[in-house]
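Worksheet for the structure shown next.
Residue numbers begin at 1 in each chain, while the letters A, B, ... track the order of the sequences.
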Amino acid sequence: MTNRLPLNFFLRDVLEVAPGLIGKILARRFEDGRIERYRINETEAYRGMDDLACHASKGRTPRTEVMFRQGGTVYVYLIYGMYWMINIVVGEENVPEAVLIRGVEGVKGPGREGRVLKLDRTFYGENLATSQRIWIEDGEPVAVIKTSKRVGVEYSGQEWSEKLWRFYY
DNA sequence: GTAAGGATTGGC
DNA sequence: CCAATCCTTACT
């Protein structure tokens, strides 16, 4: 499987795209030309300005601006001063939705994943449909996808922290 | 249980 | 300007 997912894969509701990305392949071409592929096995959905766990719920800021654009682009941010998190912006313009890629096979934890992928601020706004250094390919479908509460969002209150918007297998 | 670390945000 | 906060990890 080496088919890059088309733009319209990302132009759907985040609650369809987040589970849909389980089993797909995150491909990365490094500076030296080496291409590595990682199977996605854990994602989380962040959905709109009403979702208090979503960074964009506090409004459109320089940090969250990319989430308001049309789907198919990358949203990266630095957390705890050391870890780059990668999210995929999805849906229509002006509706801030994104899928956090929390885990890939063989890598434990989203922070380590960002390190393995050698992410940095320059990936902010990267276009997944055209980028030569990061993209997503089709992969073997996963039979059973599990769900749970999202991790690390207790601060957003019961209504939002208890949504079963984490997907994994 | 908690320190590490840097950017973002909101308050003054 | 200042300080709290943070979609984490690794260590005791």
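Side-chain N or O atoms of A:E42 include none that pairs as donor or acceptor with a backbone N or O of A:I40 at under 3.5 Å. Although no hydrogens or angles enter the test, the distance criterion places no donor-acceptor pair under 3.5 Å between the side chain of A:Y168 and the main chain of A:S148. Counting only distance, with no hydrogens or angles, the side chain of A:R150 and the backbone of A:W160 share a donor-acceptor pair below 3.5 Å. With hydrogens and angles disregarded, a donor-acceptor distance shorter than 3.5 Å links the side chain of A:T43 to the backbone of A:A18. Without hydrogens or angle criteria, A:E44 side chain to A:V151 main chain gives a donor-acceptor distance under 3.5 Å.
Rounded to an integer number of Å, the gap from CD1 of A:I79 to P of B:dA7 is 13 Å. Distance, A:R121 CZ to B:dT8 C1': 12 Å, rounded to whole Å. Rounded to whole Å, the distance from OH on A:Y155 to P on B:dG10 is 13 Å. Rounded to an integer number of Å, the gap from CE of A:M67 to C1' of B:dT8 is 15 Å.
Taking OH of A:Y169 as the reference point, atom CD1 of A:I22 lies at 7.5 Å (rounded to 0.5 Å).
Shown are A:K24, A:E137, A:E140; of these, the side-chain contact (heavy atoms from CB on, under 4.5 Å) with A:R39 is made only by A:E140.
Using a 4.0 Å cut-off between charged side-chain N and carboxylate O, A:R34 and A:E36 make a salt bridge. Comment: A:D138 does not engage A:R4 in a salt bridge, judged by the lack of any side-chain N to carboxylate O separation of less than 4.0 angstrom. Residues A:E126 and A:R133 are paired through a salt bridge, judged by an N-O separation under 4.0 Å between the basic side chain and the carboxylate.
Look at A:T61 and you won't find any side-chain N or O under 4.0 angstrom from OP1 or OP2 of B:dT8.
Between A:N87 and A:R102, the side chains place no donor N or O within less than 3.5 Å of an acceptor N or O (distance only, hydrogens not considered).
Within residues 80-117 of chain A, the residues having any heavy atom under 4.0 Å from DNA chain B are, by residue number, A:Y80, A:G81, A:M82.
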Structure string for DNA chain C in dot-bracket form, Watson-Crick and G-U at under 3.5 Å, | interchain: ||||||.||||.

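Residue contacts shown for A:R150 are absent, as no nucleic acid heavy atom lies under 4.0 Å away.
Think of the region where chain A sits on DNA chain C: with heavy atoms and a 4.0 Å cut, that region ends 5' and 3' at C:dC6 to C:dA10.
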